[in-house]
Amino acid sequence: MATTYDFPSDLLAGQEELHQVRAELSALLKRLPWSVEPLDGFSDDTGWRKVERPASPGWTADEQAEVEKLRRRERELAVFVSTHRYWSEFTGPEAVHARSRLKHAHETPPGEDTGQGS
């Protein structure tokens, strides 16, 4: 049977928010132009693979502010989660395993009933 951990609720909430912020930041970055500053498009096939980019209008001030806000919150949450007092209970491989389990604590373990009918 797999080891289970009794993670404190604030640590669980911090990890869950970290997942959400990272997903939101990733989705935002995928929607934004490839360059923060306006740049011409280019094509380069002198390397090991061809690279092409269309012209980029750059990011607006609001888009830059939103990315910075999400990155700042991501750093705050990463520091909170990684330095939480709960981790002082663990050392060595056990600490690595516990931290890994926290990253997946919001997922339903395989074979566990989700409460939904078949």
Side-chain angles (χ1 to χ4, degrees):
M1 183 174 178
T3 303
T4 59
Y5 298 95
D6 188 21
F7 297 117
S9 61
D10 64 330
L11 181 56
L12 286 167
Q15 182 65 51
E16 181 60 27
E17 185 179 352
L18 181 57
H19 283 307
Q20 291 169 358
V21 167
R22 284 181 172 161
E24 190 176 338
L25 178 59
S26 177
L28 175 60
L29 291 172
K30 286 178 184 176
R31 287 193 312 268
L32 293 175
W34 64 271
S35 174
V36 177
E37 299 295 327
L39 287 175
D40 294 334
F42 67 89
S43 179
D44 181 3
D45 59 1
T46 59
W48 62 276
R49 67 182 177 105
K50 186 174 184 176
V51 176
E52 293 183 314
R53 296 282 187 269
S56 172
W59 298 359
T60 66
D62 287 345
E63 290 167 337
Q64 290 180 44
E66 182 65 16
V67 168
E68 179 55 34
K69 181 183 96 174
L70 288 170
R71 285 181 173 158
R72 188 178 315 113
R73 186 63 182 148
E74 179 186 29
R75 282 189 301 272
E76 290 169 357
L77 289 164
V79 168
F80 172 78
V81 168
S82 63
T83 62
H84 194 279
R85 67 190 173 281
Y86 179 75
W87 303 122
S88 65
E89 299 176 20
F90 303 98
T91 59
E94 186 180 15
V96 174
H97 185 260
R99 287 176 186 257
S100 179
R101 295 297 303 147
L102 175 67
K103 290 179 183 180
H104 301 284
H106 67 287
E107 300 170 2
T108 302
E112 189 171 296
D113 187 356
T114 61
Q116 298 175 342
S118 309

Discussion item. Between Arg99 and Val81 (side chain of the first, backbone of the second, donor and acceptor by atom type, cut-off under 3.5 Å), is there such a pair?
Written reply: no

Response to the item:
Of all heavy-atom pairs linking Asp45 and Lys50, the shortest is CB-CG, 3.8 Å

Fill in: For Leu11 against Phe80, the heavy-atom pair lying closest together
CA-CE2, 4.3 Å

Discussion item. Taking the basic N atoms (NZ, or NE/NH1/NH2) and the acidic carboxylate oxygens, is any pair closer than 4.0 Å for Glu63 and Arg31?
Written reply: no

Fill in: Pairwise distance CZ(Arg71) to CG(Leu28) - rounded to 0.5 angstrom
9.0 Å

Practice prompt. Measure across Ala105 and Leu12 and return the closest heavy-atom pair with its distance rounded to 0.1 Å.
Written response: CB-CD2, 3.7 Å

Worksheet entry | Check ion pair Arg72-Glu68 (N to O, under 4.0 angstrom) | yes

Worksheet item: Between atom CZ of Arg22 and atom CG of Leu70, what is the distance when rounded to the nearest 0.5 Å?
Response: 12.5 Å

Worksheet item: Is there a side-chain contact (heavy atoms from CB on, under 4.5 Å) between Val67 and Leu32 once you walk through the steps?
Response: CA-CA 10 Å; Val67 168; Leu32 293 175; 3.7 Å; yes

Fill in: Check against side-chain contact (heavy atoms from CB on, under 4.5 Å), Leu25 and Arg73
CA-CA 10 Å; Leu25 178 59; Arg73 186 63 182 148; over 6 Å; no

Worksheet item: Does His19 reach the main-chain N or O of His104 with its side chain, forming a donor-acceptor pair under 3.5 Å?
Response: no

Practice prompt. Measure across Ser56 and Ser35 and return the closest heavy-atom pair with its distance rounded to 0.1 Å.
Written response: OG-O, 3.1 Å

Item to complete: Look at atom CG of Asp44 and say whether more than 12 heavy atoms of other residues, nucleotides or ligands are closer to it than 6.0 Å.
Response: yes

Worksheet item: Taking the side chain as C-beta and beyond, is there a heavy-atom pair between Arg101 and Thr3 under 4.5 Å?
Response: no

Item to complete: Indicate the ring-plane relationship of Phe42 and Trp34, choosing parallel, tilted or perpendicular according to the 30° and 60° boundaries.
Response: perpendicular

Worksheet item: Are Leu18 and Leu29 co-members of a hydrophobic cluster defined by side-chain heavy atoms under 4.5 Å apart?
Response: yes

Practice prompt. Applying side-chain contact (heavy atoms from CB on, under 4.5 Å), run through Arg85 and Asp10 and close with a yes or a no.
Written response: CA-CA 11 Å; Arg85 67 190 173 281; Asp10 64 330; 4.0 Å; yes

Worksheet item: Are the ring centres of Tyr5 and His97 closer than 6.0 Å?
Response: yes

Worksheet item: With under 30° as parallel and over 60° as perpendicular, where do the rings of Trp87 and Phe90 fit, or are they tilted in between?
Response: tilted

Fill in: salt_bridge(Lys69, Glu66) N-O dist < 4.0 Å
yes

